[in-house]
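Notes follow the structure.
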Amino acid sequence: MLYDEGDLQQRLAPDVIILDEAQRIKNWQSRTAHAVKRLRSPYAFVLTGTPIENRIDEIYSILQFLDPALLGPLFRFNRDFYELDDRGRPAGYKNLDELHRRLAPVLLRRRKQEVEGQLPGRTDKHYFVGMEEEQAIRYADYEKRVAQLASIARRGRSLPTSSKSSSSGSPACG
Amino acid sequence: MICDTPYILDSDCRVCPKLGELKEILAETLADPETKI
């Protein structure tokens, strides 16, 4: 919907944007991310259970939507928080305390153990759906074959030790 | 597997009664604004 509706900003002119499952914009080059970041509003909230899934620049992309100034340009973010190897490739992270400090004013973290008491209980419902004739025929066919194999395996187990060794060591493959 | 659909073993057979049932369940559940999916 976002990228089909070019004039969404104009039509909605939102006062507040709440972006649920915000990890959808973690890849800052994706079409969804571009479309979301074009939206402007005086207030914005992003909700996600996984602000970082694989790499710390995912949180950069999400933060860019909230406040592009907070983490500065990407090259500086990479320079400040990525540990590079001899060839200049990311090998780890650094200054994570500083990243934490910069995120603190805009980040509200709720761990599962803090909120699970407030959540509604999980409801499981079981529905039984019968097979159509086409499925039933095929199912019966496989069932027959499995029954044959099971019966052969049972016979193999009950054979006396002497006859087992005389049947070239594979009594269940007869 | 066959109970879901035989399609994975035979791509000519697209029979899948669970899908129709799921469609009904979703329509029914979504009609209740109190339910979260």
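Chain A is the first sequence line, chain B the second, and so forth, proteins listed ahead of strands; every chain is numbered from 1. What you see is a predicted model, and the numbers here were worked out from it, not measured in a lab.
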Within-4.5 Å side-chain heavy-atom neighbours: A/Lys125 and B/Ile25: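 No; the side chains remain at least 4.5 Å from each other.
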Do [X] and [Y] belong together in a cluster built from hydrophobic side chains that touch within less than 4.5 Å?
| X | Y | answer |
| --- | --- | --- |
| A/Phe45 | A/Val106 | no |
| A/Leu99 | A/Leu74 | yes |
| A/Leu149 | A/Tyr139 | no |
| A/Leu84 | A/Phe77 | yes |
| A/Tyr60 | A/Leu103 | yes |

Atom CG of A/Leu96 with >12 non-hydrogen neighbours under 6.0 angstrom: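 Result for CG/A/Leu96: enclosed.
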Closest approach of B/Pro17 to A/Gly130 (non-hydrogen atoms, all atoms of both residues):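 Of all heavy-atom pairs spanning B/Pro17 and A/Gly130, the closest is CG-O, 3.6 Å.
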Quick check for you: to the nearest 0.5 Å, what is the distance between [X] atom [atom1] and [Y] atom [atom2]?
| X | Y | atom1 | atom2 | result |
| --- | --- | --- | --- | --- |
| B/Asp10 | A/Arg138 | CG | CZ | 4.5 Å |
| B/Thr5 | A/Met131 | OG1 | CE | 12.0 Å |
| A/Gln135 | B/Cys16 | CD | SG | 7.0 Å |

Side chain, backbone, both or neither of A/Glu134 within contact of chain B (heavy atoms, under 4.5 Å):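 The side chain, not the backbone.
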Contact origin within A/Tyr127 toward chain B - heavy atom pairs under 4.5 Å: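 When you check distances to chain B, only side chain atoms of A/Tyr127 fall under 4.5 Å.
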